[in-house]
Amino acid sequence: MPINRIALVTGANQGMGKHVARELVSDGVTVFVGSRDLARGEAAALEIGGGAVALQLDVTDAASISSAADRIRETAGRLDLLVNNAAISTTRNDIRDMSQLRASSAPSTVSLDEVRAVWEVNVFGPLAVYQAMLPLLRNSADARIVNVTSALGSLTTMADPAFSFHAAFEPVYAASKSALNAITLSMMIEQETTGIKVNLVSPGFANTALVNFEGTESVQDAAREIVRVARLGPDGASGTFTLWEGVDIPW
């Protein structure tokens, strides 16, 4: 990976985002650690070490996104890598486990306010950040966008009744990732004739707060494909939708 690269990872104060930031810093990349709560971002950046810079960034707040872009512009003048990682599975604090979460997400009964709130982070957030950071990415000689999705967002996969998680598809988190996939495809098409590369990545089932710590993989293992794609150089592929290691996922 070329040295002196500048990266932004959203939702990087914990979980996979924090791990991705740590891996990139170990490569010599300057990483802006995006965090809705600045204090938590500062704590994460301190733990990651030199090269990590805390950045207040709430992907649902236009003013916060604009201020974050201004900070990167003033500090670095460009952005080489954008990792849209920030995501939530619910806004509720009364959910005990994943089975309860899925039961509460049935399309016939789910709160539309809940759907809107999750989509605000998972769908509109990455699009808003993309729009704000695009001028900075255009200033890079080797720009890449990595959007972090979920295999649950693959409509082809989830529509198969034989798929083990077929019944888990719901309009809150899973469908938000399908929508993110569609928006990422539009980004890929928009950037086809430019030097900006766009990739879509499904991590593993990480044992993080996003899934109430019921994941089956460590954060390190689950994040491997995000890190691999984030490390791609100017000759690396664009327009891909993959899981570890470079295995294509159907849309």
Side-chain angles (χ1 to χ4, degrees), residues 9-12 14-20 59 82-92 95 97-107 110 114-127 129-130 145-160 163-188 198-230 239-251:
V9 182
T10 68
Q14 64 179 345
M16 283 191 291
K18 182 179 176 182
H19 177 71
V20 171
V59 303
L82 168 61
V83 181
N84 273 314
N85 166 78
I88 61 173
S89 56
T90 183
T91 63
R92 296 175 54 175
I95 299 296
D97 53 39
M98 291 301 292
S99 61
Q100 184 186 10
L101 178 61
R102 287 171 182 149
S104 70
S105 300
V110 68
E114 175 73 352
V115 176
R116 291 187 183 100
V118 172
W119 281 52
E120 197 67 44
V121 177
N122 296 1
V123 182
F124 301 115
L127 181 58
V129 173
Y130 167 81
I145 299 164
V146 181
N147 286 348
V148 181
T149 184
S150 167
L152 292 177
S154 166
L155 293 176
T156 302
T157 302
M158 298 303 292
D160 182 358
F163 182 57
S164 57
F165 289 99
H166 172 72
F169 192 79
E170 37 69 28
V172 187
Y173 177 78
S176 78
K177 290 302 186 178
S178 299
L180 174 61
N181 295 355
I183 284 177
T184 303
L185 178 60
S186 72
M187 295 177 187
M188 292 173 174
V198 185
N199 303 86
L200 187 62
V201 171
S202 173
F205 188 28
N207 189 35
T208 65
L210 184 70
V211 295
N212 198 39
F213 298 100
E214 294 180 41
T216 57
E217 295 183 66
S218 69
V219 169
Q220 292 82 356
D221 285 346
R224 289 179 296 175
E225 183 66 2
I226 306 172
V227 174
R228 184 190 74 81
V229 174
T240 60
F241 179 14
T242 58
L243 51 74
W244 179 255
E245 63 183 319
V247 175
D248 289 331
I249 300 175
W251 291 82

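Position 1 is the first residue of the sequence; numbering continues from there. This structure is a prediction, so every number in the text was calculated from the model and none was measured.
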Looking only at heavy atoms, what is the nearest atom pair of [X] and [Y], with distance?
| X | Y | answer |
| --- | --- | --- |
| Ser176 | Val118 | OG-CG1, 4.3 Å |
| Ser202 | Ser150 | OG-C, 3.6 Å |
| Ser89 | Glu114 | O-OE2, 4.5 Å |
| Ser104 | Arg92 | CB-NH1, 3.3 Å |
| His19 | Val227 | CD2-CG2, 4.5 Å |
| Phe169 | Ala174 | CD1-CB, 3.6 Å |

How many angstroms lie between [atom1] in [X] and [atom2] in [Y], if you round to the nearest 0.5 Å?
| X | Y | atom1 | atom2 | value |
| --- | --- | --- | --- | --- |
| Ser154 | Ile249 | OG | CD1 | 7.0 Å |
| Asn199 | Glu225 | CG | CD | 9.0 Å |
| Leu82 | Thr10 | CG | OG1 | 7.0 Å |
| Thr156 | Phe163 | OG1 | CZ | 11.5 Å |
| Leu155 | Asp160 | CG | CG | 12.5 Å |
| Ile183 | Ser178 | CD1 | OG | 11.5 Å |

In sequence, state the C-alpha distance, the side-chain angles, and the governing distance for Asn122 and Leu180, and then conclude on side-chain contact (heavy atoms from CB on, under 4.5 Å).
-> CA-CA 7 Å; Asn122 296 1; Leu180 174 61; 6.0 Å; no
Going by heavy atoms in the side chains, are [X] and [Y] under 4.5 Å from each other?
| X | Y | answer |
| --- | --- | --- |
| Val172 | Val115 | yes |
| Leu101 | Tyr173 | no |
| Glu170 | Val110 | no |
| Val219 | Lys18 | no |

Take Val83 and Ile226 through the test side-chain contact (heavy atoms from CB on, under 4.5 Å) and record every step on the way to the result.
-> CA-CA 8 Å; Val83 181; Ile226 306 172; 4.1 Å; yes
Pro171 backbone acceptor or donor facing Trp119 side chain under 3.5 Å =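 A pair under 3.5 Å: yes.
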Taking Asn85 for its side chain and Val148 for its backbone only, find out whether a donor-acceptor pair lies under 3.5 Å.
->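 Here the side-chain-to-backbone pair does not exist.
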Applying side-chain contact (heavy atoms from CB on, under 4.5 Å), run through Val201 and Leu243 and close with a yes or a no.
-> CA-CA 6 Å; Val201 171; Leu243 51 74; over 6 Å; no
Who pairs with Val121 by side chain to side chain contact (heavy atoms under 4.5 Å, CB included), at least two apart in sequence or on another chain?
->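 For Val121, the residues satisfying side chain to side chain contact (heavy atoms under 4.5 Å, CB included) (neighbours in sequence not counted) are Val59, Thr60, Ile88.
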Verdict with supporting geometry, Leu200 and Trp251, side-chain contact (heavy atoms from CB on, under 4.5 Å) | CA-CA 10 Å; Leu200 187 62; Trp251 291 82; 3.7 Å; yes
